[in-house]
Amino acid sequence: RRIQPTRPTRNGLLPAMLYGLGTLAFTLAAYFLWFHDDLREAGVADVVRTKLSAYRVGSPLAFFGMTVYYVSAHTLVEEYYWRWFFFGRLRELISPAAAIWVSAIVFMAHHVFLANRYVGDMWSLIALFSLGVAVSGGVWAWLYQKTNALYAPWLSHCVVEFGLLGMGYDLWRG
């Protein structure tokens, strides 16, 4: 089945932006108020530096270029796969409400492994991160269900991703 782009509507973009900005604010507040020092002490900054070095990111300009890629292209590919393909097909097999829950849990499970690669055994942080990913995956599936378009979940995902990369930048440069 081909994806058929539709025009964005205020009906989807407003809740997408509100959710994205709220999640961004919470994420950055949690990082700077509670996890910043613990992550540094646990050596996460070194893990981030090693990963960025492998990607040949050695300057703020290179980090900016990587950020543009992740915030735009990578999030679009994730939304295409997780919302359009995975959730879109799943809602054909089960109710849309159940498909939202299942797709959110599977989206979260995928990210648990990624988080563990960066923060190791900091399970309290992984649990909080995983909860956030599950909620976000559910909200983005709901937005896709509501609008039948990728614009809204993609926009919201871009805002959240920008915040995560901001934390990565702080760890890398600090």
Side-chain angles (χ1 to χ4, degrees), residues 8 12-84 103-141 143-144 150-174:
L13 294 180
L14 182 60
M17 276 306 291
L18 291 175
Y19 179 77
L21 291 171
T23 302
L24 173 67
F26 176 80
T27 300
L28 292 177
Y31 171 71
F32 284 108
L33 294 174
W34 297 301
F35 295 108
H36 180 267
D37 295 338
D38 292 339
L39 289 170
R40 290 195 183 286
E41 289 174 19
V44 174
D46 294 330
V47 174
V48 169
R49 285 186 201 102
T50 299
K51 186 64 111 173
L52 291 173
S53 178
Y55 290 138
R56 298 179 188 203
V57 174
S59 69
L61 183 60
F63 193 95
F64 176 75
M66 183 193 72
T67 298
V68 169
Y69 163 75
Y70 272 99
V71 167
S72 59
H74 179 79
T75 55
L76 181 59
V77 170
E78 279 200 324
E79 287 308 310
Y80 173 77
Y81 177 76
W82 289 108
R83 260 46 81 187
W84 181 80
S103 68
I105 298 300
V106 175
F107 183 66
M108 176 202 71
H110 163 72
H111 284 83
V112 167
F113 297 108
L114 296 174
N116 181 254
R117 286 183 17 206
Y118 282 93
V119 301
D121 293 332
M122 295 181 72
W123 292 107
S124 62
L125 179 59
I126 290 174
L128 180 63
F129 173 76
S130 298
L131 177 63
V133 171
V135 169
S136 293
V139 168
W140 296 334
L143 281 168
Y144 182 72
L150 287 178
Y151 294 109
W154 180 44
L155 173 65
S156 185
H157 197 158
C158 287
V159 173
V160 172
E161 190 78 16
F162 184 77
L164 295 174
L165 286 160
M167 291 184 308
Y169 185 83
D170 180 70
L171 288 165
W172 175 60
R173 298 304 287 180

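The residues of the chain are indexed from 1 along the displayed sequence. Keep in mind that this is a model prediction, so the values were computed, not measured.
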For the [atom1] atom of [X] and the [atom2] atom of [Y], what is their distance to the nearest 0.5 Å?
X	Y	atom1	atom2	value
T23	L28	OG1	CG	10.5 Å
W84	L76	CH2	CG	12.0 Å
H74	Y69	NE2	OH	6.5 Å
L171	K51	CG	NZ	14.5 Å
L155	T75	CG	OG1	9.5 Å
D121	N116	CG	CG	6.5 Å

Among L39, T27, V48, V44, find the residue that satisfies the side-chain contact (heavy atoms from CB on, under 4.5 Å) test when tested with M167.
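With M167 as partner, L39, T27, V48, V44 yield a single side-chain contact (heavy atoms from CB on, under 4.5 Å), made by T27.
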
For [X] and [Y], work out which heavy atoms get closest and say how close.
X	Y	answer
G58	A62	N-CB, 4.1 Å
Y70	E161	O-CG, 3.9 Å
A104	G137	CB-C, 4.0 Å
R40	D170	NH2-O, 2.7 Å

Around atom CZ of F162, are there more than 12 heavy atoms from other residues, nucleotides or ligands closer than 6.0 Å?
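Open: at most 12 neighbouring heavy atoms sit under 6.0 Å from CZ of F162.
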
Which residues pass the side chain to side chain contact (heavy atoms under 4.5 Å, CB included) test with [X], not counting sequence neighbours?
X	result
F64	V68
S130	M108, V112, I126
V47	Y118

Give the intermediate values and the outcome of side-chain contact (heavy atoms from CB on, under 4.5 Å) for residues H111 and E78.
CA-CA 12 Å; H111 284 83; E78 279 200 324; 3.5 Å; yes

Quick one, L125 with W34, criterion side-chain contact (heavy atoms from CB on, under 4.5 Å). Give me CA distance, side-chain angles, the key distance, then yes/no.
CA-CA 10 Å; L125 179 59; W34 297 301; over 6 Å; no

Salt bridge (Lys or Arg N to Asp or Glu O under 4.0 Å) involving R173 - partner list, sequence neighbours excluded
none

Results of salt bridge (Lys or Arg N to Asp or Glu O under 4.0 Å) for D46 - residues two or more places apart only:
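Testing D46 for salt bridge (Lys or Arg N to Asp or Glu O under 4.0 Å), a comparison that skips the adjacent residues, returns R49.
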
Assess R83 against F107: is NZ or CZ under 6.0 Å from the centre of the six-membered ring, and within 45 degrees of the ring's axis?
yes

Any side-chain donor paired with an acceptor under 3.5 Å for S103 and W82?
no

Check: F63 ring centroid to W172 ring centroid under 6.0 Å
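Between F63 and W172, the centre distance is under 6.0 Å.
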
I'd like to check M66 versus L52 (side-chain heavy atoms, cut-off strictly below 4.5 Å). Are they in contact?
yes

Listed pairs under 3.5 Å, donor-acceptor, residues 14-21 side chains, sequence neighbours left out:
unit_1	atom_1	unit_2	atom_2	d
Y19	OH	S136	N	3.4
Y19	OH	S136	OG	2.8

